[in-house]
Amino acid sequence: MLVIKWISTVIFALVVGAVLIAQLGLLQGSAPTDLGVQQGKLKGLSATDNSVSSQADLYPDHPQRTYSSIAPLALRGDGPSTIAKLKTIVQGMEGAKLVSSAPDYLYAQYTTPLMKYVDDVEFWFDPSSNAIQVRSASRIGKGDMGLNRKRIETVRAALAAAP
């Protein structure tokens with residue numbers, strides 16, 4: 001019984017310590033310096049299962065391409081009006097912070113409530129495909145438990161329902 005109580009205490013202390021570290025912002029990671037559109041592409045895929053990109057097929061030899069692949073967003077009007085609708089949607093989402101906005105590009109950061117992990121999310125009106133290309137990636141960690149995909153699908157649904 002004493003060993004079980006000791007193990008329980010250690011586990012509790014580790015969990016409390018991890019949450020405290022997170023609340024201090026030590027799990028946020030660093031903001032990428034290479035976001036945006038370069039040569040008709042958003043930033044490439046993450047090396048691990050913690051991102052999604054509608055441009056994953058541009059990296060056919062990447063080991064995470066299958067996991068990361070997600071469909072682009074359909075336009076609702078023209079490119080700039082769709083980006084404007086996305087801006088409104090993003091600003092209304094929990095944990096979202098709008099970082100950069102232009103008529104053809106939107107960059108936001110999403111922070112998870114408890115552990116304060118930060119994900120970087122980009123939307124770009126791609127005139128060659130007449131669609132909104134998307135990329136959502138966690139800054140740290142090897143996996144995201146599907147959160148980036150779920151976020152983009154939530155945005156997709158909100159965009160489809162937008163007036």
Side-chain angles (χ1 to χ4, degrees), residues 22 25-163:
L26 300 176
L27 298 178
Q28 292 181 349
S30 300
T33 58
D34 56 349
L35 296 180
V37 182
Q38 297 175 19
Q39 299 178 342
K41 295 190 267 186
L42 296 172
K43 183 177 176 171
L45 304 173
S46 297
T48 59
D49 291 344
N50 68 356
S51 68
V52 294
S53 172
S54 59
Q55 295 183 314
D57 288 342
L58 298 177
Y59 305 92
D61 296 330
H62 195 284
Q64 302 308 326
R65 182 179 59 83
T66 302
Y67 176 84
S68 295
S69 186
I70 194 167
L73 303 179
L75 293 182
R76 294 289 310 240
D78 63 10
S81 65
T82 304
I83 292 290
K85 289 176 184 180
L86 287 168
K87 182 177 178 180
T88 300
I89 291 166
V90 167
Q91 288 174 320
M93 293 178 75
E94 182 181 348
K97 173 183 154 190
L98 188 62
V99 177
S100 175
S101 176
D104 67 343
Y105 178 79
L106 187 67
Y107 166 44
Q109 296 171 350
Y110 286 79
T111 304
T112 61
L114 180 62
M115 297 305 286
K116 305 298 182 194
Y117 295 123
V118 177
D119 297 341
D120 297 290
V121 182
E122 299 177 277
F123 302 92
W124 168 54
F125 167 57
D126 179 359
S128 68
S129 67
N130 207 32
I132 303 295
Q133 302 294 346
V134 298
R135 179 180 183 276
S136 183
S138 303
R139 288 184 183 172
I140 64 171
K142 292 184 178 183
D144 67 352
M145 298 189 324
L147 181 61
N148 285 294
R149 182 173 304 281
K150 181 179 176 186
R151 177 183 298 117
I152 295 302
E153 293 305 336
T154 297
V155 169
R156 185 188 314 278
L159 180 61

### Query
With sequence neighbours left out, which residue pairs that include part of residues 31-58 fulfil the salt bridge (charged side-chain N to carboxylate O under 4.0 Å, His left out) condition?
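Only D34-K43, D57-R65 qualify under salt bridge (charged side-chain N to carboxylate O under 4.0 Å, His left out).
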
Quick check: closest heavy atoms across [X] and [Y], and the distance to 0.1 Å?
X: R135; Y: S46; result: NH2-OG, 4.1 Å
X: P127; Y: W124; result: CD-CZ2, 4.2 Å
X: R139; Y: P32; result: NE-CD, 3.9 Å

### S53 backbone acceptor or donor facing S68 side chain under 3.5 Å
no

### Query
For V134, does its backbone N or O pair with a side-chain atom of S54 as donor and acceptor, under 3.5 Å?
yes

Output all residues satisfying side chain to side chain donor-acceptor pair (under 3.5 Å) with [X], sequence neighbours left out; order by chain, then residue number.
X: S128; value: D126
X: Y110; value: none
X: D78; value: S81

Show every donor-acceptor pair shorter than 3.5 Å between a side-chain atom in residues 85-95 and any protein atom, with sequence neighbours excluded, or say none if there are none.
| residue | atom | partner | partner atom | Å |
| --- | --- | --- | --- | --- |
| K85 | NZ | P163 | O | 3.1 |
| T88 | OG1 | A84 | O | 3.3 |

Got a list of side-chain donor-acceptor pairs under 3.5 Å for residues 142-149, not counting sequence neighbours?
| residue | atom | partner | partner atom | Å |
| --- | --- | --- | --- | --- |
| D144 | OD1 | Y67 | OH | 2.8 |
| D144 | OD1 | G146 | N | 2.9 |
| D144 | OD2 | N148 | N | 3.2 |
| D144 | OD2 | N148 | ND2 | 2.7 |
| N148 | OD1 | S136 | OG | 2.5 |
| N148 | OD1 | R151 | NH1 | 2.9 |
| N148 | ND2 | N50 | O | 3.1 |
| N148 | ND2 | S138 | OG | 3.1 |
| R149 | NH1 | S69 | O | 3.1 |
| R149 | NH2 | Y67 | O | 2.4 |
| R149 | NH2 | S69 | O | 3.2 |

#### Entry: Point-to-point distance, once rounded to the nearest 0.5 Å, from CG of L58 to CG of L45
8.5 Å

### Query
Roughly how far, to the nearest 0.5 Å, is the OH atom of Y117 from the OG1 atom of T112?
7.0 Å

Anything under 3.5 Å between a donor and an acceptor, one on a side chain of residues 100-108, the other on a protein residue two or more places apart or in another chain? List them.
| residue | atom | partner | partner atom | Å |
| --- | --- | --- | --- | --- |
| Y105 | OH | G36 | N | 3.3 |
| Y105 | OH | E122 | OE2 | 2.5 |
| Y107 | OH | Q109 | NE2 | 3.0 |
| Y107 | OH | D120 | OD1 | 2.6 |

### Task
If a pair satisfies side chain to side chain donor-acceptor pair (under 3.5 Å) and one of its residues is in residues 152-163, list it, with sequence neighbours excluded.
E153-R156

### Task
Assess whether side-chain contact (heavy atoms from CB on, under 4.5 Å) is satisfied between K97 and V118, documenting all intermediate values.
CA-CA 10 Å; K97 173 183 154 190; V118 177; over 6 Å; no

### Message
In the structure I gave you, are the side-chain heavy atoms of F123 and T82 within less than 4.5 Å of one another anywhere?
### Response
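With C-beta onward as the side chain, the pair stays apart.
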
